[in-house]
Amino acid sequence: RSLGYVEGPGSPFEAVVEGVRALLHADGVAILVRETSGEYRFRVAQGVLAEWGDYILSGSASQLLESLLLRDEATLFKRKQRNPWAREFLLAAGMSWGALAPMRVRDQKVGALLVNNTQPVHVRAEHIEAFENLATLAGVALVEGRLRDGLEDLFMSVIVSLTMALEAKDPYTEGHSVRVAAYSEAIGKQLGLPSATLDLIHRSCLLHDIG
């Protein structure tokens, strides 16, 4: 429960990764996110899996991951078993044990949580349950992030529409707010202001005449 209260950009995923590493003593942890194309992107990759950061799984690997998500439960695999999971998802060199948990939110397939380890890990039922819960937390964080992005886009479109409506009534002011926003943001960049402040300046300039 405490993982859900971590603040800051990207922190839910970071909290999930740290939780998995502590739970399973993992040498590598990755969060794979399902793209609209059906492919899977390594959204987070740490430890021995770090080199896979932002890599995209496609083709047979993507199809195999799709079949995993249909099982709706964690899958454990070892290299000596020579099953399809081990051949495809023991990604780092020298790994002998792995685990995959589906990230599902309201029956929506959103991704998977992957672990690689050099040595087999002795896990009990409560470990598996906790691993699956961490995958669910990552899925919820992903969906909430997408909802926030959608609201952000809607918010900006409302600001732009209000600005255009105001300036359309007066040819003299047409494009004025956009120019003020561009100049102010450029000055802010020269001053070395952080991106969050630049974003606030940009929005404030678009709204200044409306205000």
Side-chain angles (χ1 to χ4, degrees), residues 1-22 26 28-37 39-47 49-57 103-106 108-114 133-170 172-211:
R1 285 198 300 270
S2 66
L3 292 174
Y5 295 96
V6 182
E7 296 181 353
S11 59
F13 288 150
E14 292 169 12
V16 166
V17 169
E18 288 306 311
V20 171
R21 295 183 80 164
V29 182
I31 294 175
L32 292 91
V33 173
R34 191 177 192 273
E35 305 280 296
T36 54
S37 62
E39 298 173 324
Y40 288 83
R41 180 184 298 274
F42 281 77
R43 177 75 171 270
V44 177
Q46 293 189 9
L49 295 175
E51 63 181 297
W52 291 85
D54 216 34
Y55 183 83
I56 292 179
L57 283 183
M103 290 161 45
R104 294 174 68 94
V105 180
R106 302 186 200 93
Q108 179 185 0
K109 298 179 290 187
V110 296
L113 185 58
L114 171 66
N133 287 339
L134 286 165
T136 298
L137 178 63
V140 170
L142 176 67
V143 171
E144 287 182 346
R146 287 174 176 172
L147 288 173
R148 280 195 300 272
D149 291 342
L151 289 173
E152 186 77 10
D153 291 342
L154 177 61
F155 177 63
M156 282 304 299
S157 68
V158 169
I159 290 177
V160 171
S161 296
L162 287 171
T163 302
M164 292 176 65
L166 177 69
E167 295 182 353
K169 296 181 180 296
D170 185 357
Y172 176 75
T173 62
E174 187 177 359
H176 164 70
S177 294
V178 173
R179 289 193 298 273
V180 170
Y183 292 146
S184 300
E185 194 171 357
I187 292 169
K189 287 180 180 178
Q190 287 294 320
L191 293 171
L193 298 179
S195 58
T197 303
L198 293 174
D199 187 49
L200 181 60
I201 289 171
H202 183 85
R203 296 182 188 191
S204 301
C205 291
L206 291 177
L207 286 168
H208 80 278
D209 274 342
I210 296 173

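Keep in mind that the numbers below use all heavy atoms, side chains included, and drop hydrogens, waters and symmetry copies. Throughout, residue positions are numbered sequentially from 1 according to the sequence presented.
Atom CZ of Phe42 is separated from atom CG of Leu57 by 4.5 Å, given to the nearest 0.5 angstrom. With rounding to the nearest 0.5 angstrom, the CG atom of Leu32 is 11.0 Å from the CD1 atom of Ile56. Here Ser195 contributes atom OG and Glu185 contributes atom CD; the two are 10.0 Å apart, rounded to the nearest 0.5 Å. Expressed to the nearest 0.5 Å, how far NE2 of His202 lies from CG of Leu207 amounts to 10.0 Å.
Pairs of residues two or more places apart, or lying in two chains, that qualify as ring-ring contact (aromatic ring centres under 6.0 Å, His included) and include a residue from residues 174-199 are His176-His208. Judged as a salt bridge (Lys or Arg N to Asp or Glu O under 4.0 Å), the pairs with a partner in residues 187-201 (not counting sequence neighbours) are, in order, Asp199-Arg203.
Residues that satisfy the side-chain hydrogen bond (donor to acceptor under 3.5 Å, both in side chains) test with Ser37, not counting sequence neighbours, are Glu39. Looking at residues two or more places apart in sequence or on another chain, you find no side-chain hydrogen bond (donor to acceptor under 3.5 Å, both in side chains) involving Glu51. Partners of Asn133 according to the side-chain hydrogen bond (donor to acceptor under 3.5 Å, both in side chains) rule, which considers only residues two or more places apart in sequence or in another chain, do not exist here. Under the rule for a side chain to side chain contact (heavy atoms under 4.5 Å, CB included), the partners of Gln46 that lie at least two apart in sequence or sit in another chain are Val17, Glu18, Arg21, Val44.
The heavy-atom pair separating Cys205 from Ala181 by the smallest distance is CB-CA, 3.5 Å. The two residues Gly28 and Leu49 come nearest to each other via the heavy atoms C-CD1, 3.7 Å.
In this structure, Asp54 and Arg41 have side chains that are in contact, with non-hydrogen atoms separated by less than 4.5 Å. Between Val20 and Leu113 there is a side-chain heavy-atom pair separated by less than 4.5 Å.
Tested against Ile201, the residues Leu206, Val180, Leu193 include a single side-chain contact (heavy atoms from CB on, under 4.5 Å) partner, Leu193. Among Val16, Thr136, Ile31, the single residue meeting the side-chain contact (heavy atoms from CB on, under 4.5 Å) criterion with Met103 is Ile31.
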